[in-house]
Amino acid sequence: MPRDVQITFDCADPAALARFWAEALGYRLQGPPGGFESWEQALDAMGVPPENRNDASAVVDPEGSRPRLFFQRVPEGKQVKNRVHLDVRAAPGLAGDERMAALEAEAERLVAYGATRLARHEPAPPLGAGHLVMADPEGNEFCLD
């Protein structure tokens, strides 16, 4: 039986990283639980103290078909390269110079939101279409593919 998945990020600032990934993927911040007009109202009702209100955040696909991304605050910073990373499909169906130009444009857009460009891998036919390696604002690697 197929299972739904959630992708979880350990991070220092869940709210900021959630905003970045919402922008990168066209997601939206997850709304508050039913019966509450805002997260602030919900957290007040749950008795969550102010110092813990950025312990977690989440973003969701507006169409409801892609995985939820969950961000949880952890005390330690990122230490080494990710063993699993996201490939953001920013140039589907494109090849060669047109593909790389689309990837460069998306990289520039995401840098404005706090991403860092790490490397460019040129197309290497027949299997390598070319991609860019990036890092989100907390250093988590991802590829523009």
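- In this structure Glu108 satisfies the side-chain hydrogen bond (donor to acceptor under 3.5 Å, both in side chains) test with no other residue, sequence neighbours excluded.
- More than 12 heavy atoms of other residues, nucleotides or ligands lie within 6.0 Å of CD in Gln41, so this atom counts as buried by the packing criterion.
- Atom CD of Glu37 has 12 or fewer neighbouring heavy atoms from other residues, nucleotides or ligands inside a 6.0 Å radius.
- Under the 3.5 Å distance criterion, with hydrogens and angles disregarded, a donor-acceptor pair is assigned to the side chains of Gln72 and Asp10.
- Take Arg120 and apply the salt bridge (Lys or Arg N to Asp or Glu O under 4.0 Å) test, not counting sequence neighbours, and it matches Glu104, Glu122.
- Judged purely by atom type and a 3.5 angstrom limit, Gln30 has no side-chain atom pairing as donor or acceptor with the backbone of Ala58.
- Screening His131, Arg89, His121 for a side chain to side chain donor-acceptor pair (under 3.5 Å) with Asp145, the sole residue that qualifies is Arg89.
- Ring centers of Phe71 and Phe9: under 6.0 Å apart, within the cut-off.
- No donor-acceptor distance shorter than 3.5 angstrom exists from the side chain of Arg99 to the backbone of Pro123, with no hydrogens or angles considered.
- Of all heavy-atom pairs spanning Leu94 and Ala102, the tightest one is CD1-CB, 3.7 Å.
- Asn52 CG: more than 12 foreign heavy atoms inside a 6.0 Å radius.
- The side-chain hydrogen bond (donor to acceptor under 3.5 Å, both in side chains) check on Glu138 picks up nothing, with sequence neighbours excluded.
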